[in-house]
Amino acid sequence: MARKYKIALLPGDGIGREVISEARRVLDEVITWIDGLEMEIHEFDCGGEYFLRTNREWSEEAEDFTKTEADAVLFGGIGAIGPDGKTVRRPDGNLAGYSVVIGLRHELDLYANVRPVKLFEGVPTPLVSKGPKDIDMVVVRENTEGLYYPARGRVKESDRDFAYDLRIITTRGSERIARYAFDLAMTRNGAPVDGRRRVTCVDKSNLLAGCQLFRETFTRVGEEYKETSKDYAYVDAWTLLAIRKPEYYDVVVAPNEFGDIISDLGAALQGGLGVAPSGNIGVKHAVFEPVHGSAPDIAGTGKANPIAAILSMAMMFEWLGKNHDDAVSIRTAEKIRNSVELVLHEGRIRTPDLCLGEWSGVVPSTTQQVTDEVIRKMKG
Ligand code: ATP
């Protein structure tokens, strides 16, 4: 049944602001176009630039709404450069905006970081012998534990100086991410190579105790999914395999830090950060964001590709639709994704990051021109 969703938009810094304002244009269009889609959009400043102005990472109102009222969150990216030419940081050394990105993951228990790695027609991949029929997997990264759990420190004494990062992996955390990965595989068409549903556990269990627990739990949970094949790879070997035979992979699940690294490899395979969307998903809450950050080097130049942000918004609609059994929202996700696919496939309108290979002769378009074209396709 259709319902009214409350959405928090958090553009953040640099190109985060630019691509979220483009996603918003698409959002405003779909709201007027799609019958029965009702949204209440609340947009808030946050991040390093906001911190420079106010000494806060976001307002109390923004924090309160995002944590307690929003049905879903669409986020851009944080990371600002201060007047001294350095990255803006909080007094504790963390990036200004840390509470928004990392804080939300912990406070809202967004345990699954989901990164689809799909190569669309019309997008150049660095793998010369592979094409869209070969690259269609999803990396599911555990998002709340592992090496990025904030249990770290530095010891400086007269005769020694060292730092430590504790890597905590729990049975509960491993179990729920494994289950998420197997459930996700049930909704997909299997791996490109053979159409088999396959979930690959990527770890370093030949060495690390946490990874042994992660793998054992994966195997136990996987027993419940008889029609899905369980597959295993050590993370170092996986990076090689993913380049040699990406078509073998369907859903790939990994502990936090390994998932972070391998999903950037995935972003490269699918054509770069400009087209890589993601979702941070929990039981009741979810934050969707492009994989890229604030990219200060291209901020303000009109070169930022808005597609990663627009596809992240499509993921948001899909999640809302599935969570609320809402066909209108699912249809909206499909509409947005199809329009993006058409623009990429046609190939005339693209930002400079995609003007490579057989598209190197295309005159690059601006961020806004790409969005204009996505909207035109949606209407057409
Ligand atoms: P962090 O991920 O730590 O926030 P960052 O903000 O420095 O890093 P990213 O935003 O991840 O950098 O981007 C790395 C590089 O990729 C950028 O310098 C930029 O050139 C390119 N890039 C990232 N996003 C896009 C995009 N949407 N369109 C075009 N190029 C992009």
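Whatever order the structure lists them in is the order used to number ligands and atoms, beginning at 1. Residue numbers run from 1 in the order of the sequence given.
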Looking at A295, A304, P306, A308, the heavy atom closest to atom 6 (O) of ligand 1 belongs to A295

Less than 4.0 Å is my threshold; does some heavy atom of V19 fall inside it relative to ligand 1?
no

Please find the pair of heavy atoms, one from D250 and one from A185, that lie closest to each other, and give the distance.
OD2-CB, 4.4 Å

Could you tell me whether R188 and D136 make a salt bridge, using a distance below 4.0 angstrom between a side-chain N and a carboxylate O?
yes

Identify the closest protein heavy atom to atom 23 (C) of ligand 1: which residue and atom is it, and at what distance?
H292 CB, 3.6 Å

Of all protein heavy atoms, the one nearest atom 17 (C) of ligand 1 is D297 OD1, 3.4 Å

Please determine whether a side-chain nitrogen of the Lys or Arg among K6 and D71 lies less than 4.0 Å from a carboxylate oxygen of the Asp or Glu.
no

Atom 3 (O) of ligand 1 within contact range, any protein heavy atom under 4.0 Å:
no

Answer yes or no: is there an ion pair linking R220 with E223, defined by an N-O contact shorter than 4.0 Å?
no

In terms of the angle between their ring planes, are F65 and F44 parallel, tilted or perpendicular, with boundaries placed at 30° and 60°?
tilted

Closest protein heavy atom (residue, atom, distance) for atom 28 (N) of ligand 1
N305 N, 2.8 Å

Around atom CD of E157, are there more than 12 heavy atoms of other residues, nucleotides or ligands at under 6.0 Å?
yes

Atom 16 (O) of ligand 1 has as its nearest protein heavy atom L273 CD1, 3.7 Å

Can you report which non-hydrogen protein atom sits closest to atom 11 (O) of ligand 1, along with the distance?
G293 N, 3.2 Å

Selection residues 363-375 - residue pairs positive for side-chain hydrogen bond (donor to acceptor under 3.5 Å, both in side chains), sequence neighbours left out:
E22-T371, R25-D372, R348-E373, T366-Q369, E373-R376, E373-K377

Compare P296, G14, A276, G79 and give the one whose heavy atom is closest to atom 7 (O) of ligand 1.
P296

If the condition is ring-ring contact (aromatic ring centres under 6.0 Å, His included), which residues does Y249 pass it with, not counting sequence neighbours?
W238

Sub-4.0 Å protein heavy atom next to atom 21 (C) of ligand 1
no

Nearest to atom 25 (C) of ligand 1, what protein heavy atom do you find, and at what distance?
I15 CD1, 3.8 Å

re atom 31 (C) of ligand 1, the protein heavy-atom contact at minimum distance is I298 CD1, 3.7 Å

